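A quick note: this is a predicted structure, and the numbers were derived from the prediction, not measured. Starting from 1, each residue takes its place in the sequence as its number. Every heavy atom of this structure was used, including side-chain atoms; hydrogens, water molecules and symmetry mates were not.
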Amino acid sequence: MNTTRTTAVTCPHCGRDNRIPVAAEGRPKCGHCKQPLPWVVDAGDDDFTEVADKAVQPVVVDLWATWCGPCRMVSPALEQVARDLAGRIKLVKVDIDKNPGVSQRFEVQAVPTLLVQDQGETVARQAGAAPAHVLRQWVEQALEGRQTTAGRR
């Protein structure tokens with residue numbers, strides 16, 4: 001597995017292009033203006049553990065398929081959520097047809113299936129598309145619930 005694989009991200013603050021690793025510790029920041037970058041990456045059977053499960057920040061997982069109309073509709077909404085919550089979440093996209101192992105692991109019955117993971121543990125799950133503001137609220141509620149639970153331990 002190549003853990004040095006990178007993806008290109010345009011900074012929403014200054015417009016500069018940045019190359020960021022798909023799997024890394026920390027939170028990516030723009031090399032020019034130092035603002036948090038939206039972290040949107042693809043993962044699959046070979047690297048899902050490294051890219052998503054071992055991430056130090058919460059991960060929103062988009063389990064999708066190329067033939068799925070609602071998946072194509074929800075993708076831009078999820079990318080908007082990743083921009084809105086830059087520095088707080090990582091968005092990991094998995095094409096279930098190309099990655100049956102990840103699909104089986106999460107028992108995907110419908111697409112899109114969306115997960116919120118915190119330190120490799122699924123803390124929220126939903127099937128189906130929704131607008132960006134609804135998805136953002138869902139992600140924030142999942143993260144708030146997780147922080148509240150973690151604080152009680």
Taking the side chain as every heavy atom from C-beta outward, state whether L135 and V60 have any pair of such atoms under 4.5 Å apart.
no
Would you say that F106 contacts T122 through its side chain, given a criterion of any heavy-atom pair below 4.5 Å between the two side chains?
yes
Side chain to side chain contact (heavy atoms under 4.5 Å, CB included) with R136: of L78, I89, D84, only one passes, and it is D84
Under the side-chain contact (heavy atoms from CB on, under 4.5 Å) rule, what do V116 and W138 come out as? Steps first, then yes or no, please.
CA-CA 9 Å; V116 177; W138 172 70; 3.6 Å; yes
Check whether any side-chain N or O of K90 sits under 3.5 Å from a backbone N or O of V51 as a donor-acceptor pair, and report yes or no.
yes
Just how far is it from atom SG of C68 to atom CG of D95, taken to the nearest 0.5 Å?
10.5 Å
Value rounded to 0.5 Å, distance of CG in D62 from NZ in K93
4.5 Å
Mind listing the closest non-hydrogen atom pair of V92 and A52 along with its distance?
CG2-CB, 4.3 Å
Looking at every non-hydrogen atom in both residues, tell me the closest pair between C71 and P112 and how far apart they are.
SG-N, 3.5 Å
Check: R27 side chain, R88 main-chain N or O, donor-acceptor pair, under 3.5 Å:
no
Heavy atoms, side chains only, cut-off 4.5 Å: are L115 and L63 in contact?
yes
Gap separating the CZ atom of R125 from the CD atom of E107, nearest 0.5 angstrom:
7.0 Å
When you check the gap from the basic side-chain N to the acidic O, do K98 and D42 get nearer than 4.0 Å?
no
Using side-chain heavy atoms (C-beta onward) and a distance below 4.5 Å, is V61 in contact with V102?
no
Could you pull out the closest heavy-atom pair between P21 and W39, with the gap in Å?
O-NE1, 3.0 Å
Do you know which two heavy atoms are closest between Q57 and G26, and how far apart they sit?
OE1-O, 3.5 Å
Of the non-hydrogen atoms in G120 and R105, which two are nearest, and what is the gap between them?
O-NH2, 4.1 Å
K29 NZ to H13 NE2 distance, which is reported to the nearest 0.5 Å
11.0 Å
Any T66 side-chain heavy atom under 4.5 Å of W64 side chain:
yes
Any side-chain heavy atom of T7 within less than 4.5 Å of one from V40?
no
Quick one, Q35 and P12 - any side-chain contact, counting heavy atoms below 4.5 Å?
no
Once side chain to side chain donor-acceptor pair (under 3.5 Å) is applied, what residue pairs with a partner in residues 14-25 remain, sequence neighbours excluded?
T6-R19, T10-D17, R16-H32
Q117 to F48 - nearest heavy-atom pair and separation
OE1-CZ, 3.9 Å
pair L37-C11: side-chain heavy atoms closer than 4.5 Å
yes
Determine whether a donor-acceptor pair (N or O, by modelled atom type, separation under 3.5 Å) exists between the side chain of N99 and the backbone of D45.
yes
N/O donor-acceptor pair under 3.5 Å between T113 side chain and A110 backbone
yes
